[in-house]
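Since the structure comes first, as structure tokens, the remarks are kept for the end.
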Amino acid sequence: MSGANIAVVGATGAVGQVVLSILEQRNFPVGELRLLASKRSAGTRISVMGEELVVDEAMPDSFDGMDIVFFAAGGSTSQALAPEAAKRGAVVVDKSSAWRMDPTVPLVIPEINPDDIREHKGIISSPNCSTIVMLMALAPLHRANPIQRVIVDTYQSASGAGAQAVVELMQQTRDVLDHKVPSHSTFPATLAFNALPHVEDFGEDDYTTEEIKMENETRKIMHLPDLPVSATCVRVPVPISHSEAVHIEFANYMSPDEARDVLSEFPGVRVIDDIASKSYPLADYATGKDEIFVGRIRPDKAFHNGLSIWTVGDNLRKGAALNSVQIAEALLEQGLVSSNGNGR
Ligand SMILES: NC(=O)c1ccc[n+]([C@@H]2O[C@H](COP(=O)([O-])OP(=O)(O)OC[C@H]3O[C@@H](n4cnc5c(N)ncnc54)[C@H](OP(=O)(O)O)[C@@H]3O)[C@@H](O)[C@H]2O)c1
């Protein structure tokens with residue numbers, strides 16, 4: 001094989017598995033491919049790109065000779081190992097929250113702020129999945145009509161909490177149907193047949209860390225440090241794909257038709273919005289697809305110059321793995337990584 005030498009940390013996880021399939025689907029030019037995870041999964045065999053590869057435990061010297069390293073293994077692993085990969089000359093594309101708000105680390109959605117990639121010093125962060133699903137709709141609208149204020153309520157899928165979370169949801173569902181008492185370990189309470197207004201941990205101001213991420217990451221990616229953003233993040237018993245109700249105040253009046261036109265022209269966004277035929281985006285339809293879907297576009301009744309929209313996207317694809325692979329593609333396109341010759 002010829003191409004960039006790639007390592008995937010977290011190759012056995014929900015996001016890592018999708019990174020591998022997207023690299024293959026998009027014919028990403030891969031030279032050597034290293035699959036890495038924790039000690040628990042060392043020795044596991046995974047079929048990828050027509051080969052069976054063995055997973056190794058991620059160690060600092062795992063990154064020797066790598067050009068691009070995808071991290072999808074949680075914040076503490078990224079905190080510990082991403083600098084080791086960068087030190088060895090690789091460019092890190094990190095899916096965790098570990099580096100996102102570091103002022104020296106670009107936080108990138110390639111359709112929105114591709115130029116920020118050039119500022120990287122070895123680590124590039126990919127945003128939170130809920131932030132990506134919202135901003136793919138907000139960014140084109142903002143270019144047409146400056147956004148003044150945003151309120152968002154999310155309906156987030158179980159897979160946003162990792163592969164084990166989906167197993168837990170399925171088991172809880174079976175238990176409830178069998179009249180057994182369900183147990184929970186990944187979620188803070190039973191998710192089956194429920195809605196949990198509690199994604200990640202509560203912070204000092206009674207917002208959760210997921211809600212704070214949506215606020216801070218939106219400001220950083222959009223280059224709008226003072227934009228008021230208020231989020232309520234809710235976990236719902238859906239396996240894959242996040243849905244979000246977003247209320248937006250603009251500087252000037254914008255009609256729903258104008259918003260539909262703007263959104264339809266933005267790469268990676270598809271409008272499904274025909275009330276007459278009861279067409280609107282749904283999580284089961286979005287699952288497995290690359291686009292972010294937007295519908296229910298209508299005037300907001302509480303905001304002056306406001307619109308309310310409904311946006312849905314696959315949290316494992318555009319919300320995570322696809323966005324990371326697109327960052328890697330941009331690195332190659334912008335000549336910021338040399339294939340088969342070690343990173344920077
Ligand atoms: N799921 C989503 O929708 C989503 C979206 C955006 C961002 N993210 C972020 O992406 C990251 C991965 O999430 P996920 O949903 O894929 O989680 P997951 O399904 O739980 O997978 C975690 C992966 O990390 C590996 N890992 C755990 N500890 C490790 C260590 N000490 N060293 C090396 N590898 C280690 C695991 O390997 P083992 O098999 O050895 O345990 C597994 O491959 C997280 O930071 C998450 O916040 C997830």
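Whatever order the structure lists ligands and atoms in, that order sets their numbers, starting from 1. Owing to the predicted nature of the structure, the values given are computational and were not obtained by experimental measurement.
- Smallest separation of non-hydrogen atoms from Asn145 and Tyr253: ND2-O, 3.5 Å.
- The shortest non-hydrogen separation linking Ser125 to Ile327 is O-CD1, 4.1 Å.
- Side-chain contact annotation: Thr12 with Gln17, donor-acceptor N/O pair under 3.5 Å absent.
- Here the two rings, on Trp310 and Tyr155, have centers that are under 6.0 Å apart.
- Residues satisfying the side chain to side chain contact (heavy atoms under 4.5 Å, CB included) criterion with Arg260, sequence neighbours excluded, are Pro256, Asp257, Val271, Asp273, Ile297.
- Enclosure of atom CG in Asp206 is not indicated, since only 12 or fewer non-hydrogen atoms of other residues, nucleotides or ligands lie within 6.0 angstrom.
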Between ligand 1 and the protein, which N/O pairs are shorter than 3.5 Å?
| unit_1 | atom_1 | unit_2 | atom_2 | d |
| --- | --- | --- | --- | --- |
| ligand 1 | 1 (N) | Ser159 | O | 2.9 |
| ligand 1 | 3 (O) | Asn315 | ND2 | 2.9 |
| ligand 1 | 16 (O) | Ala14 | N | 3.2 |
| ligand 1 | 16 (O) | Val15 | N | 2.8 |
| ligand 1 | 19 (O) | Ala14 | N | 2.9 |
| ligand 1 | 19 (O) | Ala163 | N | 2.8 |
| ligand 1 | 31 (N) | Thr77 | OG1 | 3.4 |
| ligand 1 | 34 (N) | Ser38 | N | 3.2 |
| ligand 1 | 37 (O) | Thr12 | OG1 | 3.2 |
| ligand 1 | 39 (O) | Thr12 | OG1 | 2.5 |
| ligand 1 | 39 (O) | Ser41 | OG | 2.5 |
| ligand 1 | 40 (O) | Ser38 | N | 3.0 |
| ligand 1 | 40 (O) | Ser38 | OG | 2.5 |
| ligand 1 | 40 (O) | Ser41 | OG | 2.9 |
| ligand 1 | 41 (O) | Arg40 | NE | 3.1 |
| ligand 1 | 41 (O) | Arg40 | NH2 | 2.9 |
| ligand 1 | 43 (O) | Gly10 | O | 3.3 |
| ligand 1 | 43 (O) | Thr12 | N | 3.4 |
| ligand 1 | 43 (O) | Thr12 | OG1 | 2.6 |
| ligand 1 | 43 (O) | Gly13 | N | 3.0 |
| ligand 1 | 45 (O) | Gly74 | N | 3.2 |

